[in-house]
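Each ligand, and each atom within it, is numbered from 1 in the order the structure gives.
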Amino acid sequence: MKRLLLTLGFSVALLVTLAYAAFRFSPAVQDAVVARAVRAQMSRTNQLPLDDSALRVLLCGTSSPMPLRASAKACTLVAAGKKMFLIDIGPESTENLTLWRIPLADIEHVFLTHFHSDHIGELGEFNMQGWVQGRRVPLQVHGPDGVEQVVAGFNEAYALDRTYRNAHHDRGRGLLPLAAGAMTAQRITDLKAGEIPQGRRTVVYDRDGVVVTAIEVDHRPVTPALAYRFDYRGRSVVITGDTVFFAPLIAAIRGADVLVSEAESHHLQNLVADQVVAMGAKNLATVLRDTTDYHIDPVQAARLANEAAVSELVYTHIAPPIVAKPLEIPWLRGVSNIRAQGVRLGRDGMLITVPLDGGPIRFDQL
Ligand SMILES: [Zn+2]
Ligand SMILES: [Zn+2]
């Protein structure tokens with residue numbers, strides 16, 4: 001037996017050595033391996049099911065402005081049947097969508113909650129990638145007062161890029177038409193900048209059974225800042241954007257199947273600020289502490305979900321970043337006392353399926 005194992009081990013080692021030698025010294029073998037890898041990569045298909053059986057939410061970015069490897073900043077994709085919508089497009093999120101093989105060219109609408117950089121940082125990149133992938137209409141960017149300025153700025157910054165790509169690849173072949181390359185701003189006119197938020201609501205999209213309602217939230221001094229509610233054939237999801245606990249939200253999100261809520265653990269944020277002060281970075285500590293007065297704490301978000309009778313609460317925009325699994329415990333401190341079930345931490349790639357036949361909500365990971 002021992003001899004057999006030894007012979008087997010020797011044979012395997014010999015085969016591995018021969019294979020490595022073949023790869024190392026034969027260009028033909030190298031090219032064959034590369035060709036195989038390309039085919040394997042290209043044959044991977046869109047991992048987000050797009051059929052008419054469910055309303056779906058895919059978390060394409062769940063971190064706050066503080067850096068966290070493997071986690072993009074604010075981005076949520078809602079798919080109502082076959083139609084996809086993006087809510088915010090923070091830094092690193094386009095790469096997530098691309099790696100999951102989401103057909104970017106089929107996303108024609110982005111809804112911005114507000115214009116902090118962690119929510120808009122990749123608007124230009126996402127627009128360019130969707131255009132290169134084949135979108136033939138301008139990307140529609142919906143947002144509150146100020147959206148024209150943001151969209152015009154990104155359009156301007158990417159103007160030369162568009163002309164280079166058009167000149168190089170289009171050449172009359174209709175591959176990258178300039179008319180589809182620049183974004184169009186759709187300002188939500190009923191909500192005015194500078195006004196004290198009152199939870200005003202306005203329907204901003206109503207087509208093919210999909211109703212999107214913008215809801216004013218309180219993220220002052222950012223005004224207006226918006227949450228978005230998606231209703232589709234009797235099921236609904238809400239994305240809060242950035243906000244404090246804001247009582248008018250309760251009525252606006254009542255009965256939603258899924259509430260994707262931002263959250264910042266205030267006690268951990270203050271603890272981080274204390275350590276930062278101790279290390280001499282006073283200004284950074286002040287900025288960190290300031291943020292607790294315009295973000296909702298996980299316990300407050302759980303209260304909001306309870307009072308609005310929401311089925312599932314999912315945390316996103318997680319601050320401070322949870323850098324190791326055990327740190328979920330202090331981050332979630334106090335949540336289970338008021339909401340024992342129907343609450344979970346979001347992660348990049350979390351797919352939430354809300355079946356249209358009324359079946360239970362499912363959670364998967366791409
Ligand atoms: Zn913000
Ligand atoms: Zn934010």
Could you tell me whether Arg303 sits above the aromatic face of Phe245, with NZ or CZ closer than 6.0 angstrom to the six-membered ring centre and within 45 degrees of the axis?
yes

List the residues meeting ring pair (Phe, Tyr, Trp, His ring centres under 6.0 Å) with Tyr315, not counting sequence neighbours, and say none if there are none.
Trp331

Less than 3.5 Å apart, which donor and acceptor atoms pair up between the side chains of residues 69-76 and the rest of the protein, not counting sequence neighbours?
unit_1: Ser71; atom_1: OG; unit_2: Thr62; atom_2: OG1; d: 3.3
unit_1: Ser71; atom_1: OG; unit_2: Asp348; atom_2: OD1; d: 3.3
unit_1: Lys73; atom_1: NZ; unit_2: Glu92; atom_2: OE1; d: 3.2
unit_1: Lys73; atom_1: NZ; unit_2: Glu92; atom_2: OE2; d: 3.2

Taking just the N, O or S atoms of His219, which one is nearest to the Zn ion (ligand 1)?
NE2

Strictly under 2.8 Å of the Zn ion (ligand 2): which protein N/O/S atoms qualify?
Asp118 OD2, His119 NE2, Asp242 OD2, His317 NE2

Does Glu216 come within less than 4.0 Å of Arg201, counting only side-chain N to carboxylate O?
no

What pairs with Tyr205 under ring pair (Phe, Tyr, Trp, His ring centres under 6.0 Å), at least two apart in sequence or on another chain?
Phe85, His109

Electrostatic pair Asp274:Arg289 at N-O distance under 4.0 angstrom:
yes

